[in-house]
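A quick note: this is a predicted structure, and the numbers were derived from the prediction, not measured. Residue numbers start at 1 and run along the sequence shown.
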Amino acid sequence: MEPTIYLFFKGNCLEAMNHYAEVLGGKISGVFRNGDAPDPESRMPGGDDMVMNMAMSLGSAIVMASDNTEEMYEKPQGFRISIAPTSREDFDRIYGALAQDVESVEMVPDETFWAERFAMFTDRYGTPWMLNYEGNKASA
């Protein structure tokens, strides 16, 4: 059994997930929009372009997502998606791409006692991230 991350967005799900796939090397699959519903009872509130459900494979993990209307959307809290880049260059590339037009930065990229580079931020789509590159501080 493996957990699956499921994200909700305020009408920009497809844009956000395509961005994540591009930056992180993921693959998008199974995009179902409101307009794809077979009948009115199967639709969620909102227009035809709203994403009802979609998936992105990222390594062995699956990240799923959907849109919510403004009224139904709740800001994510109490968790972060943690990514462990394999190099300092990859850390800087990922941070630069995900933190573009960032909503907030809780910890700027910096060295910690456990990692060469660590950062916490919430991206422009409202997704909370944590990047951790251990580098030479990796435990044996």
>> Taking salt bridge (Lys or Arg N to Asp or Glu O under 4.0 Å) as the definition, give me every residue that meets it alongside Asp90, ordered by chain and number, with sequence neighbours left out.
In response: Arg93
>> Could you work out, with side chain to side chain donor-acceptor pair (under 3.5 Å) as the rule, every residue matching Asp110, not counting sequence neighbours?
In response: none
>> Test of understanding: with side chain to side chain donor-acceptor pair (under 3.5 Å), list the residues that count as partners of Tyr95, not counting sequence neighbours.
In response: none
>> Quick check against the 3.5 Å criterion: does Lys137 have a side-chain atom that pairs as donor or acceptor with the backbone of Thr112?
In response: yes
>> Test of understanding: with side chain to side chain donor-acceptor pair (under 3.5 Å), list the residues that count as partners of Ser42, not counting sequence neighbours.
In response: Asp39
> Quick one: ring pair (Phe, Tyr, Trp, His ring centres under 6.0 Å) partners of Phe8, sequence neighbours excluded?
Replying inline: Tyr6
> Rounded to the nearest 0.5 Å, what separation is found between the CD1 atom of Ile83 and the OH atom of Tyr20?
Replying inline: 10.5 Å
>> Using only atom types and a distance under 3.5 Å, with no angle test, would you say the side chain of Asn53 pairs donor to acceptor with the backbone of Phe32?
In response: no
> Just wondering, do His19 and Leu98 contact through their side chains at under 4.5 Å, heavy atoms?
Replying inline: yes
> Under a single-linkage rule joining Ile, Leu, Val, Met, Phe, Trp and Tyr whose side-chain heavy atoms are separated by less than 4.5 Å, which residues share a cluster with Phe118?
Replying inline: Met107, Phe113, Trp114, Met120, Met130
> By the rule that ILVMFWY residues connect when side-chain heavy atoms come within less than 4.5 angstrom, directly or transitively, which residues belong alongside Met52?
Replying inline: Met44, Met50
> With Glu15, which residues qualify under side chain to side chain donor-acceptor pair (under 3.5 Å), at least two apart?
Replying inline: Tyr125
> Is the shortest heavy-atom distance from the side chain of Ile5 to the side chain of Leu58 under 4.5 Å?
Replying inline: no
> Quick one: salt bridge (Lys or Arg N to Asp or Glu O under 4.0 Å) partners of Arg33, sequence neighbours excluded?
Replying inline: none
> Do the non-hydrogen side-chain atoms of Leu131 and Arg117 ever get within less than 4.5 Å of each other?
Replying inline: no
>> Please enumerate all residues that pass salt bridge (Lys or Arg N to Asp or Glu O under 4.0 Å) together with Lys10, with sequence neighbours excluded.
In response: none
> How far does CD1 of Ile28 sit from CG of Leu14, to the nearest 0.5 angstrom?
Replying inline: 7.0 Å
>> Enumerate the salt bridge (Lys or Arg N to Asp or Glu O under 4.0 Å) contacts for residues 59-87, please, sequence neighbours excluded, ordered by first and then second residue.
In response: Lys75-Glu103, Arg80-Glu106
> Sequence neighbours excluded, which residues qualify as salt bridge (Lys or Arg N to Asp or Glu O under 4.0 Å) partners of Lys27?
Replying inline: none
